[in-house]
Asker: 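The following block contains the structure, expressed as structure tokens.
Reckoned from all heavy atoms, side chains included, excluding hydrogens, waters and symmetry mates.
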Amino acid sequence: MTKCTPKPVVVTKSTATVEAMYASAVGIDVHADLLFCCYQTFNTTSGETISDHASFGTKQSELSSFSAWVRERNPEIN
């Protein structure tokens, strides 16, 4: 796993600066019968951030779909 150089992003004057530690990651909000997932990647060359969202059930077949979705995106950290 390769860490990217943290890049500060100022949201507004009233909020703190956020520093990215990885160029891409998957976040998962886990519920009893639902996984809500967000993939985000930052292109260090262009400065562009790309986001992708998906939701999956928690049955075995749906977890297999979730696993495939994550593997397709190949995040640095998840």
Side-chain angles (χ1 to χ4, degrees):
M1 187 175 346
T2 305
K3 288 188 179 181
C4 68
T5 303
K7 179 173 178 63
V9 179
V10 177
V11 180
T12 67
K13 287 184 178 182
S14 63
T15 60
T17 300
V18 177
E19 293 183 8
M21 297 303 296
Y22 299 93
S24 62
V26 170
I28 307 164
D29 188 6
V30 180
H31 299 268
D33 57 356
L34 175 73
L35 301 177
F36 185 80
C37 309
C38 176
Y39 167 76
Q40 195 167 68
T41 185
F42 178 75
N43 183 317
T44 56
T45 304
S46 69
E48 180 182 25
T49 299
I50 299 169
S51 297
D52 186 12
H53 301 85
S55 58
F56 302 91
T58 56
K59 294 182 180 175
Q60 184 60 44
S61 62
E62 297 162 321
L63 293 175
S64 295
S65 296
F66 158 71
S67 179
W69 183 84
V70 172
R71 282 192 309 272
E72 287 172 8
R73 281 141 189 86
N74 192 27
E76 267 189 271
I77 189 168
N78 53 34

Asker: Enumerate the salt bridge (charged side-chain N to carboxylate O under 4.0 Å, His left out) contacts for residues 29-39, please, sequence neighbours excluded, ordered by first and then second residue.
Answerer: none

Asker: Using every non-hydrogen atom in the two residues, find where P75 and S24 come nearest and quote the distance to one decimal.
Answerer: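 The pair with the smallest heavy-atom distance is CA-OG, 3.4 Å.
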
Asker: Of the non-hydrogen atoms in F36 and S55, which two are nearest, and what is the gap between them?
Answerer: CD1-CB, 4.1 Å

Asker: Side-chain atoms of residues 60-71: list all donor-acceptor pairs with protein atoms under 3.5 Å, sequence neighbours left out, distances to 0.1 Å.
Answerer:
from: E62; atom 1: OE1; to: T58; atom 2: N; distance (Å): 3.3
from: E62; atom 1: OE1; to: K59; atom 2: N; distance (Å): 2.9
from: S64; atom 1: OG; to: Q60; atom 2: O; distance (Å): 3.3
from: S65; atom 1: OG; to: S61; atom 2: O; distance (Å): 3.4
from: S67; atom 1: OG; to: R71; atom 2: NH1; distance (Å): 2.5

Asker: Kindly compute the distance separating OH (Y39) from CD1 (I50), expressed to the nearest 0.5 Å.
Answerer: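 Y39 atom OH to I50 atom CD1 measures 7.5 Å (nearest 0.5 Å).
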
Asker: Taking only residues two or more places apart in sequence or in another chain, which ones pass side chain to side chain donor-acceptor pair (under 3.5 Å) with S51?
Answerer: Q40

Asker: Name all residues meeting the side chain to side chain contact (heavy atoms under 4.5 Å, CB included) criterion together with N43; count only those two or more places apart in sequence or in a different chain, and write none if there are none.
Answerer: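 Partners of N43 under the side chain to side chain contact (heavy atoms under 4.5 Å, CB included) test: T45, S46.
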
Asker: Which residue pairs satisfy the salt bridge (charged side-chain N to carboxylate O under 4.0 Å, His left out) criterion with at least one member in residues 35-53, sequence neighbours excluded?
Answerer: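 Non-adjacent pairs meeting salt bridge (charged side-chain N to carboxylate O under 4.0 Å, His left out): D52-R73.
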
Asker: Distance from T41 atom OG1 to N74 atom CG, nearest 0.5 Å?
Answerer: 10.0 Å

